[in-house]
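Worksheet for the structure shown next.
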Amino acid sequence: MILALPKGRILKALTPVLEATGLLSQPSPIDEKTRALRFPSTESQLDIVRVRSFDVATFVAFGGADIGICGSDVLTEFDYPEIYAPLDLEIGQCRISVARHPRAGLRDEAPSSKIRIATKYPVTARAHFASRGINAEIVHLHGAMELAPSLKMAHAIVDLVDTGTTLKANGLEETDVIAHVSSRLIVNRIAMKTRPQAVSDLIDRFRKGLRSQK
Ligand code: PRT
Ligand code: MG
């Protein structure tokens, strides 16, 4: 079996839980200095791969990994039917929100039928505005969307917000919370069917690891 872990901030937040699962072996996937992408675990039947946080759900949905950890922001954006998310790990908490200039004058105001949104989350953003009867035009960026309003590329952004420092530093104001976000343990549904024991043992180890941190 393969467990897919996200590098970056989720991996950092997850480290105590991972240590408590007893699955970590040497070389460790937690050591972000190593260039390796695949690591052994303490279980002979389980290897760990380390991928971009935005790609974890894709690795699990396409069966490259049986189990993984990723943000609910990513799950909502891809909405893979092949994925089951049985456990909220309560880490990587933030929210996905709409933000814009607080004093966007009437001059900058788009007719609501023509609003343009810069985001890394085109599906989530489009669905949010569609639910309000607005057909948003999406500018798909992978970072620095905070620049888009002042550079007149977009009227607003849809992005993750935690403390709000990043928005503030870029002169933006949160106007709507679309959803609250946290990291989830995810499982490929076929793996659940074909290897129910191995999968539920792994879910259990994470559940216990999580409980030991509380
Ligand atoms: O791998 P790559 O570098 O391409 O992706 P990445 O930079 O998005 O990865 P990383 O390591 O940042 O992890 C992203 C995942 O962490 C997201 O999918 C969320 O599930 C989770 N997460 C939780 C966050 C945040 N909190 C968060 N605050 N991801 C990003 N942020 C960013 C946000 O985009 C904004 O730039 O932090 C900034 C806002 O923070 P505040 O505190 O200034 O509001
Ligand atoms: Mg990053």
Side-chain angles (χ1 to χ4, degrees), residues 3-18 28-39 48-61 64-65 67-80 83-102 117-125 127-128 138-151 153-154 156-187 206 210 213:
L3 163 67
L5 295 180
K7 51 187 184 185
R9 71 175 75 215
I10 296 178
L11 185 59
K12 230 176 234 128
L14 186 67
T15 296
V17 175
L18 271 176
S28 169
I30 285 174
D31 175 12
E32 295 216 45
K33 286 193 292 288
T34 85
R35 304 295 296 257
L37 298 173
R38 183 169 177 158
F39 304 84
I48 299 175
V49 296
R50 194 177 59 199
V51 304
R52 297 189 88 144
S53 62
F54 223 75
D55 290 338
V56 169
T58 303
F59 274 82
V60 173
I67 191 164
I69 284 150
C70 85
S72 55
D73 52 321
V74 177
L75 289 179
T76 307
E77 180 65 20
F78 288 98
D79 198 22
Y80 288 121
I83 289 181
Y84 167 64
L87 185 60
D88 188 341
L89 296 164
E90 297 168 16
I91 57 164
Q93 285 160 326
C94 60
R95 52 201 187 272
I96 185 159
S97 294
V98 182
R100 52 171 299 150
H101 278 138
I117 303 296
T119 187
K120 187 181 168 184
Y121 300 90
V123 173
T124 307
H128 170 76
I138 304 295
V139 181
H140 191 179
L141 298 176
H142 292 87
M145 16 270 156
E146 294 88 357
L147 288 171
S150 60
L151 298 180
M153 288 170 68
I157 68 170
V158 166
D159 197 13
L160 302 178
V161 182
D162 179 14
T163 59
T165 309
T166 305
L167 291 182
K168 200 169 169 206
N170 291 284
L172 299 175
E173 182 180 75
E174 191 176 8
T175 56
D176 286 289
V177 176
I178 298 176
H180 290 274
V181 169
S182 64
S183 298
R184 310 294 162 93
L185 184 74
I186 61 172
V187 179
F206 274 95
L210 194 61
Q213 298 304 304

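Order of appearance sets the numbers: ligands from 1, and atoms from 1 within every ligand.
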(message) Would you say the ring centers of Phe78 and Tyr121 fall short of 6.0 Å from each other?
(response) no
(request) For Tyr84, check ring-ring contact (aromatic ring centres under 6.0 Å, His included) against everything at least two apart and list the hits. (result) none
(request) Report, in ascending order of atom number, the atoms of ligand 1 lying under 4.0 Å from any heavy atom of Cys94. (result) 22 (N), 23 (C), 25 (C), 26 (N)
(request) Check each atom of ligand 1 against the heavy atoms of Gly8 and keep those under 4.0 Å away; list them by number with element. (result) 11 (O)
(request) Measure the distances from the heavy atoms of Ser183 to every atom of ligand 1 and state whether one is below 4.0 angstrom. (result) no
(request) Working to the nearest 0.5 Å, report the span between CZ of Phe39 and OG1 of Thr34. (result) 3.5 Å
(request) Determine whether any heavy atom of Lys120 lies closer than 4.0 Å to an atom of ligand 1. (result) yes
(message) Does ligand 1 come near enough to Ser72 that some N or O of the ligand is less than 3.5 Å from an N or O of the residue?
(response) no
(request) Under 4.0 Å from a heavy atom of Glu146: give me the atoms of ligand 1 that qualify, with their elements. (result) 36 (O)
(request) For Thr163, take its heavy atoms, then give the atoms of ligand 1 lying under 4.0 Å from any of them. (result) 41 (P), 42 (O), 43 (O), 44 (O)
Would you mind writing out the side-chain donor-acceptor pairs for residues 173-180 within the sub-3.5 Å range, not counting sequence neighbours?
residue, atom, partner, partner atom, Å
Glu174, OE1, Arg95, NH2, 2.9
Glu174, OE2, Arg95, NE, 2.7
Glu174, OE2, Ser97, OG, 2.6
Thr175, OG1, Val98, O, 3.3

(message) If you define the side chain from C-beta out and look only at heavy atoms, does anything of Leu37 sit under 4.5 Å from Val51?
(response) no
(request) Calculate, to the nearest 0.5 Å, the distance between atoms CD and CD belonging to Glu90 and Gln213 respectively. (result) 12.0 Å
(request) Count the heavy atoms of every other residue, nucleotide or ligand shown that sit under 6.0 Å from CZ of Phe59, and state whether that count exceeds 12. (result) no
(request) Heavy-atom contacts with Gly71 under 4.0 Å: which atoms of ligand 1 show up? List them by number with element. (result) 20 (O)
(request) Mark up the atoms of ligand 1 that fall under 4.0 Å of a heavy atom belonging to Lys7, in ascending order. (result) 11 (O)
(request) Rounded to the nearest 0.5 Å, what's the gap from CG on Leu172 to CG on Leu147? Could you check? (result) 9.0 Å
(request) Could you list which atoms of ligand 1 come closer than 4.0 Å to a heavy atom of Ile10? (result) 15 (C), 16 (O), 20 (O)
(message) Quick check on contacts: which atoms of ligand 1 are under 4.0 angstrom from a heavy atom of Asp159?
(response) 34 (O)
